[in-house]
Chemist: 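Here's a structure for you.
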Amino acid sequence: MQIKIAKTSECHESTVTPKSIYLNRRQFMQAGIVGSAALSLPVNSIAATGENTNPLSPPASLKPSFGSISKTAFGSTETPAPFDTATTYNNFYEFGYGKGDPEKKAASLKPYPWKINIEGEADITGAFDLEDLIKESQLEERIYRLRCVEAWSMVVPWIGIPLGSFLKKFRPNSKAKYVYFETLYDPTQMPAQNGNALDWPYREGLRIDEAMNSLTLLSVGMYGSILPNQNGAPVRLVVPWKYGFKSIKSIVTIRFVEQMPQTTWNMIAPNEYGFYANVNPGVDHPRWSQKKERRLPGGLLFPNVIDTQMFNGYQEEVASLYADMDITRFY
Ligand code: MTE
């Protein structure tokens, strides 16, 4: 991705750390959000499982005590990238701009415990413990293709819950036309936030029907385990039909809003990174083609270049969302 020094004048959204919003726990429990434990996130629940010899398996240090994870048909015919590929080739600008930086530097992120602020146009808002928010939900494994706007891709077995069922618990009202997401802003945990290459915090957004689409996943894990820090611990989005930059990591704020929110890459270069950012081989990036992608793992001798599919191959599930739109204009 192109790095440009962001002007401070471009910073329209809040750049503060999570706000101390009163936790209305009783209201939340009345809504039936807090319940029996299906997932235990704390790091102290990690169980030692011995040496890691399976390329699809995370190391022992990442084995959590997840409750049951239901397998789904999503991606059952795909071959996931090895765990090492998915966790050493990353984009997480809060830790640097090299693909290996997040893996080397993300140990400073402290993902447990973690609060999420739910704000805006909904009946139930406040600051909630992530664990409380998801322990009632049935976790699912979904194997999705992730297509980066930089024209590389990989297949990842995510664990999470459908974002739509998560959001509905807060009872968004009729003014909630979009959902806005913000990553943690804390330069002590995310050292590259001391620089101004991006206008921190990283922010993203979806139209409400995109957020409610059954493909959109709120992910808390991958490869059968919790998310490694470099992949967006403890909670991130996965929106498989959109370029990877929409899949925001380490989320601390979710806000229901009426207007289309400003988003990080769109603010930096609107002609290069649209709000919608649907994978589309028919609309090239101004500086490179989007017709093909490098499926990882690969290398110089085996670049593994494949054709990019419309909506990253998820047309059946999402094409109807854009039936009335000129998607070459609203890219
Ligand atoms: N989220 C935050 N907060 N910061 C980032 O730099 N990079 C995005 C997305 N989410 C990014 C982010 C981009 S460009 C991509 S391609 C994906 O994360 C990469 O996810 P991965 O590193 O788990 O493959």
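Worth saying up front: this structure is predicted, and the values here are computed from it rather than measured. Start at 1 and go down the list; that is how both ligands and their atoms are numbered.
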Chemist: Can you confirm, on distance only, whether ligand 1 has an N/O atom lying under 3.5 Å from any N/O atom belonging to Y93?
Modeler: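 N/O-N/O distance under 3.5 Å: yes.
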Chemist: Go through ligand 1 atom by atom and flag the ones less than 4.0 Å from a non-hydrogen atom of E94.
Modeler: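 With E94 as reference, the close atoms of ligand 1 come out as 2 (C), 3 (N), 4 (N), 5 (C), 6 (O).
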Chemist: Does the ring centre of W152 sit less than 6.0 Å away from the ring centre of Y89?
Modeler: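 Yes, the ring of Y89 comes within the 6.0 Å limit of the ring of W152, centre to centre.
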Chemist: Is it the side chain, the backbone, both or neither of Y202 that has a heavy atom closer than 4.0 Å to ligand 1?
Modeler: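 Side chain only.
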Chemist: Among N91, T88, N90, which residue meets the side chain to side chain contact (heavy atoms under 4.5 Å, CB included) test with K99?
Modeler: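 Output: one option passes, namely N91.
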Chemist: So does E204 pair up with K242, basic N to acidic O under 4.0 Å?
Modeler: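 Salt bridge absent between E204 and K242.
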Chemist: Output the list of atoms in ligand 1 that are nearer than 4.0 Å to some heavy atom of C148, sorted by atom number.
Modeler: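 Within the 4.0 Å cut-off of C148, ligand 1 contributes 16 (S).
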Chemist: Taking heavy atoms and a distance under 4.0 Å, where does E150 meet ligand 1: side chain, backbone, both or neither?
Modeler: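 No part of E150 comes within reach of ligand 1.
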Chemist: Could you see which bit of L146 sits under 4.0 Å from ligand 1, with heavy atoms only: side chain, backbone, both or neither?
Modeler: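 It is the side chain that gets close, since no backbone atom is under 4.0 Å.
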Chemist: W265 pairs by ring-ring contact (aromatic ring centres under 6.0 Å, His included) with which of F275, Y93, Y243?
Modeler: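 Answer after filtering F275, Y93, Y243: Y93.
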Chemist: For ligand 1, which atoms sit closer than 4.0 Å to a heavy atom of F92?
Modeler: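 Near F92, meaning under 4.0 Å from one of its heavy atoms, ligand 1 has 2 (C), 3 (N), 4 (N), 5 (C), 6 (O).
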Chemist: Any atom of ligand 1 sitting under 4.0 Å from a heavy atom of R236?
Modeler: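 Contact present.
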Chemist: Determine, for R147 against E293, whether the closest basic-nitrogen to carboxylate-oxygen distance falls under 4.0 angstrom.
Modeler: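 Salt bridge between R147 and E293, a charged N being under 4.0 Å from a carboxylate O: yes.
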Chemist: With F311 as reference, evaluate W241, Y276, Y322 under the ring-ring contact (aromatic ring centres under 6.0 Å, His included) test and give the passing residue.
Modeler: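 Running ring-ring contact (aromatic ring centres under 6.0 Å, His included) over W241, Y276, Y322 with F311 returns exactly one hit, Y322.
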Chemist: Of the side chain and backbone of T183, name the one, both, or neither that has a heavy atom under 4.0 Å from an atom of ligand 1.
Modeler: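 Side chain only; the backbone of T183 stays clear of ligand 1.
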Chemist: So for ligand 1, is W158 a polar contact partner (N or O within less than 3.5 Å, distance only)?
Modeler: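 No, since none of the N or O atoms of W158 sits under 3.5 Å from an N or O of ligand 1.
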Chemist: At their closest point, which heavy atom of A233 faces which heavy atom of L227, and how far apart are they?
Modeler: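 Result for this residue pair: CB-O, 3.3 Å.
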Chemist: Using heavy atoms and a 4.0 Å limit, tell me yes or no: is S247 in contact with ligand 1?
Modeler: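 Within the 4.0 Å threshold, so yes.
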Chemist: More than 12 heavy atoms of other residues, nucleotides or ligands under 6.0 Å from NZ of K291: is that the case?
Modeler: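 For K291, atom NZ is crowded (more than 12 foreign heavy atoms under 6.0 Å).
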Chemist: Residue-level breakdown please: for K246 versus ligand 1, do any non-hydrogen atoms fall below 4.0 Å on the side chain, on the backbone, on both, or on neither?
Modeler: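 None of K246 does.
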Chemist: Would you say Q230 and ligand 1 have an N/O pair spaced under 3.5 Å apart?
Modeler: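 For ligand 1, there is no N or O atom that lies under 3.5 Å from one belonging to Q230.
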Chemist: Give yes if a backbone or side-chain nitrogen or oxygen of K249 is under 3.5 Å from a nitrogen or oxygen of ligand 1, and no if not.
Modeler: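 Yes.
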Chemist: Of all the heavy-atom pairs spanning D101 and F95, show the shortest one and how long it is.
Modeler: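 Shortest heavy-atom separation between D101 and F95 comes out as CB-O, 3.3 Å.
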Chemist: Is there a polar contact, in the sense of an N or O pair closer than 3.5 Å, between W152 and ligand 1?
Modeler: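 N/O-N/O distance below 3.5 Å does not exist for this pair.
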